[in-house]
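Working notes, beginning with the structure itself.
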Amino acid sequence: MDKYRLRANFDEIVWRVEKARIERSEHHIVHIVTISKYVTPAEVALLYELGQRAFGENRVQELHHKVEALEELPIEWHFVGRLQKNKINRLIDLDPWLIHSLDSLELAKELDKRLAAKGKKVSALLQINSAREPTKAGVSPEEAYDTYLRIIEETAHIDLQGVMSIGAHTEDTKRIEESFQTTYKIYEALKPHGATLCSMGMSNDFELAIRCGSNMVRIGSLFFK
Ligand SMILES: *Cc1c(COP(=O)(O)O)cnc(C)c1O
């Protein structure tokens, strides 16, 4: 993929994010994480040259590959995929900037144990399945608040910074919006407990997510179309 096309896509995304965030509030700042799972390290390096710093992957093995290939660039790496227990150590060793997909107290405790053994800390978000889709990971909206507090109380090496959701998988905008609103309400309730990040919105629904209060979008295909 050439640089000119990437730049045009990047410009379009920044412009659309800007428009959506200003509709919410002039003071509403939105982080853009480029999900690079579709492309090679070469495209990541090009986007880095264009100024992008935050990139995310959904598989530990692919994250490992890109971290190694792009070692010399100070990229902020995010992990957004399902985390299997047997991949936890490998993920910790990659020092991710943020794990978006902590989806149970059990996983948090296991992660905490491995972090303790390595003398490390990690920042993470609690994933909430607000769309209530059986194929999606995440705690249910009902258990999200309590699970969040228990992770804070029962782990010492995880710095919880907020919540993450994937919008409902449907053409029905109303239902997607409801799923974002559900997550945003929980996020607001968790603000007194230190939540500052609400990660919602992908290529097809990021403007809606921002209008619902998202302050971190995860955009993949739109960068690389
Ligand atoms: C792939 C992926 C994205 C990006 O999706 P696009 O529709 O390509 O923007 C965002 N979040 C997660 C968890 C993903 O796996």
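Atoms within a ligand are numbered from 1 in the order they appear, just like the ligands themselves. For the numbers below, each heavy atom of this structure counts, side chains included, while hydrogens, waters and symmetry mates do not. Along the sequence shown, residues carry numbers from 1.
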CZ (Arg16) with more than 12 external heavy atoms under 6.0 Å: yes

Does Arg211 have more than 12 heavy atoms from other residues, nucleotides or ligands lying within 6.0 Å of its CZ? yes

Just checking, any donor-acceptor pair under 3.5 angstrom between side chains of Ser36 and Glu57? yes

Does the Asp205 side chain pair with the main chain of Met202, one donor and one acceptor, at a distance under 3.5 Å? yes

Could you give all pairs that pass the salt bridge (charged side-chain N to carboxylate O under 4.0 Å, His left out) test and reach residues 152-165, with sequence neighbours left out? Lys109-Glu154, Arg150-Glu154

Classify the ring geometry between Tyr145 and His193 as parallel (under 30°), tilted (30 to 60°) or perpendicular (over 60°). perpendicular

Expected contact list for ligand 1 at under 4.0 angstrom, heavy-atom basis, is Ile35, Lys37, Tyr38, Asn58, Val80, Met202, Ser203, Arg218, Ile219, Gly220, Ser221

